[in-house]
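Heavy atoms only: backbone and side chains are in, while hydrogens, waters and symmetry mates are out.
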Amino acid sequence: MAAETLYLTDRGNGPTVVLIHGLMATGDMFRWLAEPLATRFRLIVPDLPGHGRSGTVPGPYTVEAMAAHVVTALEGRGIHDAHVMGYSHGGTVAQQLARDATHLVRSLALVATYAYNIATRRERIEGWRRPTWSACSACVGSPRW
């Protein structure tokens with residue numbers, strides 16, 4: 001996997017921070033953070049394979065393959081340790097990156113993400129059929145809690 005095929009922005013100086021976007025988004029979702037973070041950190045923001053300016057990067061588009069592309073891009077830029085933040089689906093990519101390239105990940109921040117969906121087929125169907133419950137004071141004491 002060639003690092004030059006994965007689009008990313010690289011700006012600022014200091015410890016490296018990598019921001020990984022969610023599914024059906026691009027690194028542009030972090031543009032509001034880029035300027036303030038780049039004053040203190042080297043900010044790396046990729047467009048994951050199949051997304052945005054990395055839309056022509058060939059598949060597969062698995063979490064493992066996306067993480068491998070990010071590793072190749074970071075190592076290709078001489079980055080040997082980074083603080084990594086993944087949002088939504090980007091959090092799964094960040095987790096895979098931490099598993100596959102522990103030497104690269106100094107810290108890991110996961111925002112609105114998941115690790116692994118182990119729900120059975122029946123549980124998924126039931127989840128679609130009934131509304132989601134939230135942990136609110138009105139729900140506490142209900143049969144579900």
Side-chain angles (χ1 to χ4, degrees), residues 1-139 144:
M1 292 177 210
E4 65 272 10
T5 61
L6 185 70
Y7 177 87
L8 57 82
T9 59
D10 182 347
R11 60 187 285 195
N13 292 301
T16 303
V17 173
V18 179
L19 304 178
I20 304 175
H21 66 80
L23 193 62
M24 297 176 52
T26 68
D28 287 342
M29 72 177 291
F30 301 116
R31 67 185 170 277
W32 63 277
L33 277 173
E35 190 173 326
L37 285 177
T39 63
R40 297 182 47 210
F41 302 99
R42 179 179 184 188
L43 189 60
I44 305 291
V45 184
D47 279 358
L48 291 174
H51 295 77
R53 290 155 290 198
S54 296
T56 59
V57 173
Y61 298 117
T62 63
V63 169
E64 295 83 3
M66 289 181 181
H69 277 284
V70 174
V71 168
T72 300
L74 294 176
E75 289 178 342
R77 291 180 177 272
I79 297 169
H80 302 293
D81 88 3
H83 302 283
V84 178
M85 190 282 290
Y87 172 78
S88 187
H89 181 71
T92 64
V93 175
Q95 290 172 73
Q96 191 68 45
L97 186 110
R99 287 186 63 187
D100 295 345
T102 55
H103 63 283
L104 277 176
V105 180
R106 183 174 188 151
S107 66
L108 185 62
L110 304 172
V111 180
T113 191
Y114 56 94
Y116 182 72
N117 185 352
I118 59 170
T120 66
R121 183 170 188 245
R122 179 181 174 168
E123 289 168 331
R124 285 192 300 271
I125 291 170
E126 287 176 357
W128 294 330
R129 292 181 58 205
R130 71 177 115 160
T132 304
W133 287 75
S134 62
C136 64
S137 59
C139 300
R144 185 160 173 95

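- Checked against salt bridge (Lys or Arg N to Asp or Glu O under 4.0 Å), D28 has the following partners two or more places apart in sequence or in another chain: R53.
- Residues forming a side-chain contact (heavy atoms from CB on, under 4.5 Å) with L23 (at least two apart in sequence, or on another chain): H51, H89.
- Between V57 and P49, the shortest heavy-atom distance links the atoms CG1-CB, 3.8 Å.
- Residue pairs meeting the side chain to side chain donor-acceptor pair (under 3.5 Å) criterion with at least one member in residues 96-109, sequence neighbours excluded, are E75-H103, H83-S107, Q96-D100.
- Contact record, M29 with G22: SD-N, 3.8 Å, taken as the closest heavy-atom pair.
- Under the rule for a side-chain contact (heavy atoms from CB on, under 4.5 Å), the partners of A112 that lie at least two apart in sequence or sit in another chain are Y87.
- Rounding to the nearest 0.5 Å gives a distance of 10.0 Å between CG of L48 and OG1 of T26.
- Interatomic distance, E64 CD to T92 OG1, rounded to the nearest 0.5 Å: 9.0 Å.
- Considering L19, L104, I20, L110 as possible partners of V84, the one that fulfils the side-chain contact (heavy atoms from CB on, under 4.5 Å) test is I20.
- For S88, the side-chain contact (heavy atoms from CB on, under 4.5 Å) test picks out no residue, with sequence neighbours left out.
- In this structure the side chain of V111 reaches within 4.5 angstrom of the side chain of M85, judged on heavy atoms.
- In terms of heavy-atom proximity, A65 sits nearest to P60 at CB-O, 3.3 Å.
- Contact between P46 and L8 at its shortest, heavy atoms only, is CA-CB, 3.5 Å.
- The structure places CD1 of I79 at 4.0 Å from CD1 of I44, a figure rounded to the nearest 0.5 Å.
- Residue pairs meeting the side chain to side chain donor-acceptor pair (under 3.5 Å) criterion with at least one member in residues 8-22, sequence neighbours excluded: D10-R42, D10-R77.
- The minimum heavy-atom distance between A73 and L6, with the atom names listed, is CB-CD2, 3.8 Å.
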